[in-house]
Amino acid sequence: MAYEVKCNDKVGRYVVAARDLEAGEEFLEETAAVVGPKHHTPPVCLGCLALVAGDTFCGRCGWLVCGPECADLPVHKDAECAIFASANVKFGPPPEDPTADCPQLECVTPLRLLLSVGSERWSNEVVKMESHSEKRRGGADWEADQVNIVNFLLERCKLTGKYTAEQIHQVCGILAVNAFEARSSVSGGNAVRALYPQLAILSHNCVPNTSHSISSDYKVRVRTTVPVKKGEELFSTYTHTLQPTYARRKHLKLSKYFECQCSRCADPEELGSNLSTIKCPKCEWGWVRAENPLIEASDYKCGKCEFKMSNADTMKAMEIIKNQLDYLDPESVEMREQLIKKYHSFLHPKHAHLTALKHALSQLYGRALDYTFDEMPDLLMERKIELCRHMLQIADIIEPGLSRLRGMILYELHAPLIMLARSLYQQNALTGLALLTRMQEAEKVLAQAVQILSLEDPESMEGQLAAQARFSLQQLQQTITMLPQQIDIVDGDEHIGG
Ligand SMILES: [Zn+2]
Ligand SMILES: [Zn+2]
Ligand SMILES: [Zn+2]
Ligand SMILES: [Zn+2]
């Protein structure tokens, strides 16, 4: 075994490396203990979990499926189907809007997990999982679960006597705290949830040193992203690493019921990534940061002058900007550039809100309407390069090593590097030697992207990109081999050969 499960009073169970692990080393492979619809989900087929319009039903139980083939899949037939059928609980009219949440489906995944009670996996692994019942009890989620899941299963599905209310809440808690989002195995891959008892033992950290990918058969593979020495703890992340501290901690508290105390959360500068830093409106070059980021209501203070901002005012300002980001046209380059201009005098250049805009732009340049590579002037190639380098600086801190985030950014970076170099050479703005150097730099970037993305499941979006990146790398390497024959390189003074 490459890892070892340990236990202490402070955090409960956690995982350490049982030997020195290299970056990119897979140390855990696990099948899902349960797969089912997300807690809040639009109508989905209970066989394949694909999104459905809501007008086709299982011939036995009358709940949503794509058709008879999906109705006969064991995941449905051998689980909730028999229970719904024997209790004669029919699926009510689906929501008129097929993208709206369907509360009736909230009971399905908990019921599937309940049906495993007594199995070997339940007793050895699932029952040991954290459910935070004490923290959840009486809260809004608990009350909603009581109505939509507990009462529904006990009364409507006639399961009283088989399960207790406490047991059903435990299962709801286990899923809420531990389930991972996966993609359904059908094309389009809508979000579903899956439970991995071993993976869930890994503690959370806002700077993870592992990465996991879930394949279409819902198997998860977990690997390191950086070298991990024997005895060092292995961490995954339960939140979005590109969010600022206050947003990550709020999400973790609300959905996972704990207050993150990791070194990134404890540092007002977020280890130098500055995703929560604001510009001081009073002095020049002062940065405003939370006085104590581990206190939710902490005020904000400039590190240079004595300027202070209350927590409420800061959160209000952040919310206003975030709302503008949330409603942006997903394709609009111009609106994002405008917002960056608008807020760059108020936020640190690396603040999460500006970084979110820059991250989107780093992908839109070269792809969006009117901004394909063929249409982009050198200036915009330079802009794309600048944006990718910005993202890379942040990723190097918050998701270092062979992380998916870095793999995707490096992939985005290689093409504008090549195209800009070619264009400048054609304009005689670059010597042949400089062209060769730049091509070799792009090769390094692309080779790293290939290394990282090749660790992903070949069927995933990243895995498919890996195949494309490998092909591009071969072509680039050929170009680089041929380059010295096409350009004469003589003491830095050269011209097209032949
Ligand atoms: Zn289906
Ligand atoms: Zn059925
Ligand atoms: Zn943290
Ligand atoms: Zn100041």
Side-chain angles (χ1 to χ4, degrees), residues 331-338 340-341 344 349-350 354-396 405-453 462 465-498:
E331 294 285 319
S332 176
V333 169
E334 293 88 352
M335 283 161 86
R336 285 183 173 78
E337 290 289 12
Q338 274 168 22
I340 291 176
K341 280 202 186 84
H344 94 282
K350 292 206 170 91
L354 290 183
T355 293
L357 292 165
K358 292 175 182 182
H359 193 197
L361 282 172
S362 74
Q363 295 166 340
L364 286 169
Y365 281 119
R367 276 194 200 89
L369 190 69
D370 299 331
Y371 292 93
T372 61
F373 280 122
D374 294 341
E375 296 166 292
M376 276 180 10
D378 290 354
L379 212 63
L380 290 183
M381 292 289 181
E382 281 170 11
R383 177 67 174 150
K384 184 169 168 101
I385 294 170
E386 180 194 1
L387 292 163
C388 291
R389 295 218 188 272
H390 171 96
M391 291 310 301
L392 210 51
Q393 282 177 6
I394 292 171
D396 285 344
L405 178 64
R406 285 192 74 252
M408 296 298 281
I409 299 166
L410 288 162
Y411 182 77
E412 287 296 330
L413 176 59
H414 88 275
L417 284 178
I418 296 170
M419 281 182 229
L420 182 66
R422 279 203 183 120
S423 168
L424 291 176
Y425 178 74
Q426 275 161 11
Q427 298 163 50
N428 288 320
L430 220 58
T431 66
L433 191 62
L435 173 67
L436 182 64
T437 310
R438 288 205 185 194
M439 289 301 219
Q440 284 164 337
E441 187 200 352
E443 185 196 358
K444 261 190 219 154
V445 165
L446 184 56
Q448 240 195 95
V450 166
Q451 186 200 1
I452 299 172
L453 297 174
E462 293 84 4
L465 217 54
Q468 214 172 309
R470 274 193 294 272
F471 180 70
S472 304
L473 182 60
Q474 274 175 5
Q475 282 190 320
L476 180 58
Q477 283 165 340
Q478 257 171 24
T479 308
I480 290 173
T481 329
M482 308 283 285
L483 211 53
Q485 293 164 27
Q486 292 164 359
I487 49 172
D488 287 336
I489 300 173
V490 189
D491 292 333
D493 172 33
E494 70 294 315
H495 50 272
I496 303 279

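- The side-chain heavy atoms of H414 and S472, taken from C-beta on, include a pair separated by under 4.5 Å.
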inquiry  = Assess the residue pair K384 and Y371 against the criterion (side chain to side chain contact (heavy atoms under 4.5 Å, CB included)); give the C-alpha distance rounded to whole Å, side-chain angles, the decisive distance to 0.1 Å, and a yes or no.
reply    = CA-CA 11 Å; K384 184 169 168 101; Y371 292 93; over 6 Å; no
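- Taking CG from L483 and CG from L433, the interatomic distance works out to 10.0 Å, rounded to the nearest 0.5 Å.
- Note that OG1 of T481 and CE of M439 are 11.5 Å apart. Values are rounded to the nearest 0.5 Å.
- Of the inter-residue distances, the one linking L420 atom CG with L380 atom CG reads 11.0 Å to the nearest 0.5 angstrom.
- One side chain, E443 or Q477, offers a donor N or O that lies under 3.5 Å from an acceptor on the other.
- Counting heavy atoms from C-beta on, the side chains of R383 and E337 come closer than 4.5 Å.
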Stepwise side chain to side chain contact (heavy atoms under 4.5 Å, CB included) test for L465 and M408 = CA-CA 9 Å; L465 217 54; M408 296 298 281; 3.7 Å; yes
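- Here the closest heavy-atom approach between residue L476 and residue A442 is recorded as CD2-C, 3.9 Å.
- Between I418 and Q475 the shortest side-chain heavy-atom distance does not fall below 4.5 Å.
- Here E382 contributes atom CD and S423 contributes atom OG; the two are 9.5 Å apart, rounded to the nearest 0.5 Å.
- For the side chain to side chain contact (heavy atoms under 4.5 Å, CB included) test, residues two or more places apart in sequence or in another chain that qualify with Q393 are K350.
- You'll find the side chain of R367 reaches within 4.5 Å of the side chain of E412, heavy atoms only.
- The side chain to side chain donor-acceptor pair (under 3.5 Å) check on R406 picks up D396, Q448, with sequence neighbours excluded.
- Summarising the geometry of R336 relative to A360, their closest heavy-atom pair is NE-CB, 3.5 Å, with the distance given to 0.1 Å.
- Of all non-hydrogen atoms in Y411 and A449, the two that sit nearest each other are N-CB, 3.7 Å.
- The heavy-atom pair separating T355 from I394 by the smallest distance is OG1-CD1, 3.3 Å.
- Separation of atoms CG (L436) and OG1 (T479) is listed at 11.5 Å; rounding is to 0.5 Å.
- The pair R438-E441 does not count as a salt bridge, with every side-chain nitrogen at least 4.0 angstrom from each carboxylate oxygen.
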task = Begin with the C-alpha distance, continue with both residues' side-chain angles, and end with the deciding distance and a verdict on side chain to side chain contact (heavy atoms under 4.5 Å, CB included) for L446 and L410.
result = CA-CA 7 Å; L446 184 56; L410 288 162; over 6 Å; no
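- Closest approach of S362 and H359 over heavy atoms only: OG-O, 2.7 Å.
- Residue P349 comes nearest to H390 through the heavy atom pair O-CE1, 3.1 Å, listed as atom of the first residue, atom of the second, then distance.
- The distance from atom NZ of K341 to atom CG of L354, rounded to the nearest 0.5 Å, is 12.5 Å.
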inquiry  = For R389 and I409: C-alpha separation, side-chain torsions, deciding distance, then whether side chain to side chain contact (heavy atoms under 4.5 Å, CB included) applies.
reply    = CA-CA 8 Å; R389 295 218 188 272; I409 299 166; over 6 Å; no
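- Q427 CD: more than 12 foreign heavy atoms inside a 6.0 Å radius.
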